[in-house]
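What you are looking at is a predicted structure, and each value in this text was computed from that prediction instead of being measured. Residue numbers start from 1 in every chain, and the chains themselves are labelled A, B, ... in the order their sequence lines are given, proteins ahead of strands.
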Amino acid sequence: MQEVNQQLARDFGLSSEEYSRVLSIMGRTPSLTELGVFSVMWSEHCSYKSSRVWLKQLPTKQPWVIHGPGENAGVVDIGDGLAAIFKMESHNHPSFIEPYQGAATGVGGILRDVFTMGARPIANLNALRFGSPNHPATKRIVDGVVRGIGGYGNCVGVPTVGGEINFHPAYNGNPLVNAMTVGIARKDKIFLSAAAGIGNPVVYVGSKTGRDGIHGATMASAEFAADSEEKRPTVQVGDPFTEKLLIEACLELMATDAIVAIQDMGAAGLTSSSVEMAGKGGVGIALNLDMVPARETEMSAYEFMLSESQERMLMVLRPDRQEMARGIFEKWDLDFAVIGELTDTGRLTVHYQGQLEADIPLAPLNDQAPLYTRPTIEPPKREKLNSARLEDRIGLTGALRKLIACPDLCSRAWVWDQYDATVGGQTVKRPGAADAAVVKLEGLSRGLALTTDCTPRYCLADPELGGAQAVVEAWRNLTAVGARPLAITDNMNFGNPEKPEIMGQFAAAIRGMASACEALSFPVVSGNVSLYNETEGRAILPTPAIGGLGVLDDVTKAVGLALPPWLDLVLIGTTVGWLGQSLWLREVTGREDGAPPPVDLAIERINGDFVRSRILDGTIRACHDVSDGGVLVAIAEMAMASGVGVRLVTHPRDVPGHAFWFGEDQARYLIAVPDSASFIRSADTAGVPAMRIGTSGGRDLTLPDGGTISVEELRELHEGFFPTWMNPATEAKN
Amino acid sequence: MKAGIVIFPGINRERDMAIALKQSTGYAPRMIWHKETDLGDLDMVVIPGGFSFGDYLRCGAMAARSPVMRAIHDHAARGGYILGVCNGFQILTEADLLPGALLRNASLRFLSMDCHLRVERGDTVFTSRYQAGSTFRAVLAHGDGNYFADDATLDRLENEGLVAFRYATPAGAVTPEANLNGSARSIAGILSPNRRILGLMPHPEDLVDPLMGGTGGKPLFDSIAAA
């Protein structure tokens, strides 16, 4: 038996000040199990101790928000008596250590957060950031993460409909795997986690408990060193088949009136689920670990409480419904065990093999959790680049060829083609078909639009602007399919919060996000914070990934980006030719500098509201927001999606050619309409800048400087990177 | 034709299948749990896609030994109709109701994409609304769809006209490039000798509505409805 002392507390991730607080709450030296409970509940991962003070600044309310942050997932009213329940969560650290299981269990965990509230999951998305393709570890991590996401999502039968991928050397030692799930429930049948009813049974369902994932939450709250490989035992192993059974069994039980409260066992397993359920309900909870279904023998109380074995849920049931509930879980061949009851003691007690292993007062465990206002340093502003002084050495076609083939802009089909995007039969816009995925609600005319967005290089250069830009890009992508943006979930991925520069990035990103959410009536309803994303002292790019959700009252109105022939192509928004932090700058000149393009929230709203209204009235036949790579890349993407070419007209004389075609000015969309003249007149009336920049047709992209490139060649360049990089055998064959 | 859908634990395309059947037949199919042993008065048993029992053993091997399979064997012996799609096809081969096996895709990766199927015969209860030789687009979503059988079995399937569908180009050419999973002789679907059992890997049920990108699979369900 290990002796509990300050050294062990430090090994468990508690500072000496935090350990003193434990001693004062307990009034004695805690047992090993008690120390385990405190250390995981007070870990960064579970307590948000460094981020909570900042997260409070985010707008979380709108009339359509049913439940904001604080529940397992966010809940918004989407009409027809239905609610969308959604959240994004990181599984960064496990995915670096063991990419397949790390990513797979990330998908499993976020699914549980959503169906635990009563929703049938209808879509998954994922936001991924990997190291440089040239780094020796990257290929293995990409392969494992993609297989893991597919392996889990395909098996549970939830379509993976969207997401994003970036590469940057800053993620070499610390990839980001952010998984998002969206589910649908009746809005009068939402299940919450606050326990109630003294004497009510506490029921464990799902998989058996093993020794996997012990102290996963603590591992996720520390930096990596060179010995990270040794942390593999803290990574959990996923079983998507059991998850599928758990979804069906829980939804079947949720159709009855048996459940008082329910929570999945995620990070910190039985500890966090029992402590949070009892804490929220203001009751005590008594657990008897002898009753917990175990996969391994001779497990200790400490191991039971800290295990992060997957596919487990904790419920408080009405006692008179216990046997009916047992019948449902037995039908699905899942374990069902009464492992305790609610008490009026206000304490967590844990008995095992006749011994009292833990006896902790819940109020101070929750209320006295550490909360830090860590020092911040305001991130320095970058110098604005003068686009006119940046020499264009390779011309428009040369730059276009380079950009559409580069890892950050090339086709992701190799990845999507491994994710089942159609199961359920409701996928209206699959990955790559539109700026946001569109999923119909079975049996209804309504649909949801879903996206994930963040531009980490903007966030590094200016975290406040980058935070705002991530939110507006999500809003724009939802708008570009015709959806009314409703709300976001955020996944804040940053470095070590104990460094003032990192905390400064975090605070600034929150400021930017808050202002954008406010201006666009686009509140945050759920989220997750992942800190300590550093390896050997090097932090990742600040990455506040945004998952956006919008609604289409009539899903048949949704438009994609595939360009039909013989239409006018119109550019909405103002182009000054902003090349600072652009991909043109990075890929063509090798520079990653300058200030990123400014975000004007009022203009975003005006331009976006106009575009959406013209999609919904049927005028706009195809739409694509202009983001990474600028206008010419966006045009090429529209052309490649349909195989139809474009003849472009001359650009305005007051902007240099390369700056006009590759600048990344915000608040812009490309749209295709039959009659640009009348469309531009209506845009003028609405105060929205619009200019015709080309006509679709043929099989070539013809540039105003006379350069021509066939859509076929564009596709070959665009689709080459992933298969060639991942599979050298194919490369040899071709 | 009265159809029912069998659900094994881990099956996940039963809703897609029910939607497609209902659209063509006008009624919701009965859902049959794998522990049931009585199929009632069903004319057609449909086994949809998914990961029965997690596919932790060979795909379909556990489901092929589920309680409901005895009734399905009896149904087949009586000349009843059976449609198995994806995991359903794998289950039918594991249950020896169709010959051959479905191996890992040649790429060793899960594949989720559209494919084109050439209709090899238009005179079965499953294909009467297709023209023989025509092609249609369907969704493919599997990790183990690489059809394999020994040469004698393949020759017999061909000689007896039991190949239902082959992977092809949109124009109907059977090429190695169009054979996405590496199946023997590009076979995507096969029939039993009485042509009342069909197994196929791609999902016609996911393209029966223009909103989802196409209606290539709809004639298959219209054929069933008309029978």
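Residues A/Gln101 and A/Gln236 have side chains not in contact (no heavy-atom distance under 4.5 Å, counting atoms from C-beta outward). A/Tyr152 places none of its side-chain heavy atoms less than 4.5 Å from the side chain of A/Asn124. The shortest side-chain heavy-atom distance between A/Val177 and A/Asn126 does not fall under the 4.5 Å cut-off.
A salt bridge is absent between A/Glu243 and A/Arg312; no separation between the charged side-chain nitrogens and carboxylate oxygens falls under 4.0 Å. A salt bridge is defined here as a Lys NZ or Arg NE, NH1 or NH2 lying under 4.0 Å from an Asp or Glu carboxylate O, and A/Asp417 with A/Arg430 fails to meet this definition.
Each of B/Ser112, B/Gly10, B/Ser107, B/Ala20 has some count of heavy-atom pairs under 4.5 Å with chain A, and the biggest count is that of B/Ser112. For the options B/Val208, B/Ile11, B/Asp114, heavy-atom pairs under 4.5 Å to chain A are most numerous at B/Asp114. Most heavy-atom pairs under 4.5 Å with chain B, from the set A/Val158, A/Asn154, A/Val146, A/Thr556: that is A/Asn154.
Residue A/Lys331 touches chain B through both its backbone and its side chain, counting heavy-atom pairs closer than 4.5 Å. Interface remark: A/Asp333 contributes side-chain atoms only to the contact with chain B (heavy atom separation under 4.5 Å). Interface remark: B/Tyr56 contributes side-chain atoms only to the contact with chain A (heavy atom separation under 4.5 Å). In this structure, chain A has heavy atoms under 4.5 Å from both the backbone and the side chain of B/Leu211. Looking at B/Ile7, there are no atoms closer than 4.5 Å to chain A (heavy atoms on both sides), in backbone or side chain. Looking at A/Val555, both its backbone and its side chain come within 4.5 Å of chain B, counting heavy atoms on both sides.
None of A/Val182, A/Thr181, A/Ile110 except one satisfies the side-chain contact (heavy atoms from CB on, under 4.5 Å) rule with A/Pro121; the exception is A/Thr181. When the options B/Asp43, B/Thr25, B/Asp41 are evaluated for a side chain to side chain donor-acceptor pair (under 3.5 Å) with B/Lys2, the one that passes is B/Asp41.
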